[in-house]
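The structure under discussion appears below in the form of structure tokens.
Computed from a predicted model, the values in this text were never measured in an experiment.
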Amino acid sequence: MKFFGYLLGLASLFILLALFQNCAQSENETYSEQGPSTPLVYIMGTDEPGQSYYQLAEKHYQDHHPEFRIENEVRSLSALLSSLSSKPSLQKEIILVVHGNPWTSLSLPIFPGGERLTKTKLRACLEKELLTPVSNEVVNASTVIRLEACGLGQDPELLSLLAQVIGGQDENIPNLESSKSFIAYRTGIGSSVHKYLADPFFTFFETGKIPPLLHLERELRNKYPEQNLDWMEALNRPTGSPGFRPYHSKFHIPIEWTFLFSNEQEVPDLSSFSRSELTAWIN
């Protein structure tokens, strides 16, 4: 039977996170000695007004690993491949600092100025050979790539695709790993910046329809009854608040539905539908 698809981007949601519950300083950082295999750190973004994620991440590596090589002008996957391909020797450890989350992948375009990358787009790049992988002389199976993006360790398929795009579809692709936790950088004693892994908690609501805080507090309390948290305090503490108490952050998550029909005559014309009619049709 032939199917006709109808793709509908109807709504988008925010995710509200309460972070820093059971947060712990990252302890899994082991690096090579200084020399040709000194870790290479890419700071792959610029902070929005009022944010400091990338700035603090860069200072973290400057504070604790001054021997690392830091590059902070790469802003796309293709630019990353070009930069790595220009290296004269094998890279044993590569750290990629970039925003991300398990729902919308990395906050990074494949090509400069393009749309945010997705697994579908990465597969297309591999199938159509749109990107040239880094040679085995620079990146191979002995290379470890640490992707510092929130929660992307929960998406092993994405990590596998990225490893293939970077290292090629052969037995010498690099080892690409990422934490399942969310990542935060905080200034500690003496202004030194530390990296922390944080437990996230979620609730969802429609864009532009923020419920009252009491409603969100009740949702979180009911969803996570085992957590002894002051949810209202977290809801009143925005991202970037000082200290290590729970705070909230909002993420814009686009939602798309694909409807399948057995023949072309079944496909409705939604152009004249009002919002209420469209919602009724979806329901």
Side-chain angles (χ1 to χ4, degrees), residues 19-20 23-100 106-108 134-153 159 162-163 166-167 174-198 239-244 247:
L19 298 181
F20 282 129
C23 69
Q25 190 168 342
S26 178
E27 297 176 349
N28 61 349
E29 296 179 348
T30 56
Y31 303 105
S32 303
E33 297 297 326
Q34 188 170 358
S37 59
T38 297
L40 175 61
V41 181
Y42 284 94
I43 307 296
M44 303 187 70
T46 303
D47 290 312
E48 298 290 335
Q51 303 296 317
S52 57
Y53 181 81
Y54 291 113
Q55 177 185 348
L56 291 176
E58 184 169 358
K59 190 172 187 303
H60 165 73
Y61 287 106
Q62 291 171 342
D63 289 344
H64 298 280
H65 305 285
E67 76 280 8
F68 286 13
R69 293 167 293 159
I70 296 177
E71 300 203 16
N72 54 18
E73 296 184 357
V74 169
R75 296 292 182 269
S76 68
L77 182 58
S78 62
L80 173 66
L81 299 183
S82 296
S83 176
L84 289 173
S85 296
S86 69
K87 305 307 176 189
S89 59
L90 177 65
Q91 304 299 303
K92 288 293 187 69
E93 289 152 301
I94 301 166
I95 301 164
L96 309 178
V97 178
V98 59
H99 277 308
L106 293 177
S107 181
L108 188 76
V134 183
S135 73
N136 290 335
E137 284 71 33
V138 178
V139 169
N140 59 34
S142 66
T143 303
V144 175
I145 300 177
R146 291 186 171 91
L147 178 62
E148 295 200 350
C150 292
L152 288 187
L159 302 185
L162 281 170
I166 294 172
N175 297 292
L176 200 152
E177 57 189 42
S178 187
S179 174
K180 294 182 179 181
S181 300
F182 276 53
I183 297 173
Y185 296 93
R186 283 289 180 270
T187 302
I189 298 175
S191 74
S192 179
V193 176
H194 299 276
K195 183 177 75 174
Y196 291 86
L197 302 180
T239 304
S241 298
F244 298 95
Y247 66 79

**Study point:** Atom of Asn140, atom of Asn136 and distance for their closest heavy-atom approach
**Key:** ND2-O, 3.0 Å
Point to revise | OG-CG distance between Ser135 and Leu81, expressed to the nearest 0.5 angstrom | key: 11.5 Å
Review point. Is a side-chain donor or acceptor of Asp63 paired with a backbone partner of Ser192 at a separation under 3.5 angstrom?
Key: no
Review point. Between Glu93 (side chain) and Gln91 (backbone), is there a donor-acceptor pair under 3.5 Å?
Key: no
Point to revise | Ser52 (side chain) donor-acceptor with Gln55 (main chain) under 3.5 angstrom | key: no
Point to revise | Tyr42 OH to Asn72 CG distance, which is reported to the nearest 0.5 Å | key: 11.0 Å
Practice item. Could you tell me whether the side chain of Val144 reaches within less than 4.5 Å of the side chain of Glu177, counting heavy atoms only? Key: yes
Review point. With sequence neighbours left out, what residues match Tyr53 under ring pair (Phe, Tyr, Trp, His ring centres under 6.0 Å)?
Key: His99, Tyr185
Review point. What closest approach, in Å, do Ala163 and Leu176 show between heavy atoms, and which atom pair accounts for it?
Key: N-CD1, 3.8 Å
Practice item. State, with a plain yes or no, whether a side-chain heavy atom of Tyr61 is found less than 4.5 Å away from one of Lys195. Key: yes
Review point. Say you draw a straight line from CD1 of Ile43 to CG of Leu56; how long is it, rounded to the nearest 0.5 Å?
Key: 10.5 Å
Check your understanding: What are the two closest non-hydrogen atoms of Glu67 and Thr38, and how far apart are they?
Key -> O-CG2, 3.2 Å
**Study point:** CD-CD1 distance between Glu58 and Ile70, expressed to the nearest 0.5 angstrom
**Key:** 5.0 Å
Exercise for review: Scan side-chain atoms only and decide if Glu71 and Ser83 contain a donor-acceptor pair under the 3.5 Å cut-off.
Suggested key: yes
Practice item. Report yes if the side chains of Leu84 and Leu40 come closer than 4.5 Å at any heavy-atom pair, otherwise no. Key: yes
**Study point:** Short side-chain to backbone donor-acceptor contact, Ser191 and Thr187, under 3.5 Å
**Key:** no
Review point. Taking the side chain from Ser178 and the backbone from Leu147, do they hold a donor-acceptor pair closer than 3.5 Å?
Key: yes
